[in-house]
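Here the structure is laid out as structure tokens; the discussion comes afterwards.
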Amino acid sequence: NKTKKNYETLINDLTDIMKHKIKYKNLIHRLQLYVKYEIDIDEIEKKIVRNFNEKINEINLEENTIYQMQLTFTNLQKSIMPFYPPLSFIKSFKSAFNGEPIKLTVQQDTDEFLSILCDKLEKEAKIFENENFLENSFKGKVTNEIVSLEKDYPYYSQTEENFYSITLDIKNHKNLEEALDAYVKGEILEGENKYFVEKYKKKISINKRNSLKKIGNQIIIHLKRFEFDFYTFQNNKLNDYLKFPMKLNLKKWTRAYLRINEVSEENNIEEEKENLDDNKMEYELTGILIHNGSSLQSGHYYSLIKTEDDK
């Protein structure tokens with residue numbers, strides 16, 4: 001009948017939710033049994049609402065950053081007001097050190113704030129068993145590599161780190177591509193600074209560098225606009241001009257691209273080539289965050305954002 005068909009649609013919707021790592025497997029299984037044996041639909045709906053409410057009741061919404069962030073973005077997108085004061089969000093975002101709300105009068109580092117915010121969002125999402133919901137959106141993996149420069153002594157080792165943004169040095173670089181080249185170029189250790197390899201019982205010349213192993217659907221690039229001065233013990237702002245494109249293909253700065261022609265007995269070229277799909281490496285600029293001020297301790301941030309109608 002029509003009611004039963006509508007509920008089968010609901011099961012399909014819940015299955016889609018489950019695919020996005022919200023674990024309602026038991027709930028979906030029960031619903032499938034209810035449809036099969038035509039048990040009272042009203043009772044099922046009550047159980048769904050009750051199950052959801054139990055989760056919500058465990059949350060203090062005033063102190064829940066996920067909820068307050070949703071509230072902020074909803075008002076920014078849907079409100080007829082020309083602005084929205086995110087006071088509730090600010091109150092919910094408390095310091096991990098003393099449990100106090102962040103101080104609005106103290107200048108904060110945006111990249112550090114982003115990292116803390118993402119960690120906090122994933123932690124709060126655990127109540128819905130979905131703490132990895134940022135995994136495909138923003139989180140990536142950077143590989144810290146040691147690569148042999150000597151053909152007679154092939155060697156490769158790596159460690160991995162998660163990141164929410166890529167931090168690039170901009171000093172003496174005229175565009176974003178040059179800054180990315182410097183990011184993966186690394187440091188050459190040779191001569192007296194050669195790297196000792198236990199396998200060969202000797203020191204060899206190596207390149208110690210970073211490369212991108214995994215990139216999310218969105219990529220955030222942090223430009224290092226502040227440099228610490230060891231003479232004045234202050235952070236000076238770098239106002240160097242840096243040109244950046246509207247579209248960027250990150251393939252040439254990935255681990256897979258860099259490894260194809262390098263010396264290593266562990267290098268599987270075919271496997272690396274599979275990770276070089278251009279469609280997954282092409283990114284389009286959608287927003288810019290700008291600091292207006294002369295120092296790290298002062299100034300204002302404002303942003304330019306590409307809207308849904310591409311303006």
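Computation of the quantities below employed the complete heavy-atom set of this structure, encompassing side-chain atoms and omitting hydrogens, waters and symmetry-equivalent molecules.
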Those residues that, when tested against [X], pass salt bridge (Lys or Arg N to Asp or Glu O under 4.0 Å) (two or more places apart):
{"X": "Glu161", "value": "none"}
{"X": "Glu198", "value": "Lys201"}
{"X": "Glu190", "value": "none"}
{"X": "Lys185", "value": "none"}

Partners of Phe244 by ring-ring contact (aromatic ring centres under 6.0 Å, His included), sequence neighbours excluded?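 Applying ring-ring contact (aromatic ring centres under 6.0 Å, His included) to Phe244 gives none.
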Could you name each residue pair satisfying salt bridge (Lys or Arg N to Asp or Glu O under 4.0 Å) that touches residues 240-254, not counting sequence neighbours?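 As it turns out, the salt bridge (Lys or Arg N to Asp or Glu O under 4.0 Å) pairs with a partner in residues 240-254, which skip direct neighbours, are Asp181-Lys252, Lys251-Asp278.
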Residues two or more places apart in sequence or in another chain: which of them pass side chain to side chain contact (heavy atoms under 4.5 Å, CB included) with Asp111?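 Only Asp109, Ser165, Thr167, His222 meet the side chain to side chain contact (heavy atoms under 4.5 Å, CB included) criterion with Asp111.
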With sequence neighbours excluded, what pairs up with Leu289 under the side chain to side chain contact (heavy atoms under 4.5 Å, CB included) test?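 Applying side chain to side chain contact (heavy atoms under 4.5 Å, CB included) to Leu289 gives Thr110, Tyr301, Ser303.
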Qualifying residues under side chain to side chain donor-acceptor pair (under 3.5 Å), relative to [X], sequence neighbours excluded:
{"X": "Thr72", "result": "none"}
{"X": "Asn193", "result": "none"}
{"X": "Lys237", "result": "His291"}
{"X": "Lys224", "result": "Asp169"}

Side-chain ion pair, Glu150 and Lys194, N-O less than 4.0 Å: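 Looking at Glu150 and Lys194, the cut-off is met.
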Check ion pair Lys139-Glu122 (N to O, under 4.0 angstrom):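 The answer is yes: the pair qualifies as a salt bridge.
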Hey, can you tell me if Phe113 and Phe89 have their rings parallel, tilted or perpendicular (30° and 60° cut-offs)?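 Aromatic pair Phe113/Phe89 classed perpendicular.
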Compare every heavy atom of Thr65 with every heavy atom of Glu124, then report the nearest pair and how far apart it is.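 Looking at all heavy atoms of both residues, the shortest contact is OE1-N, 2.9 Å.
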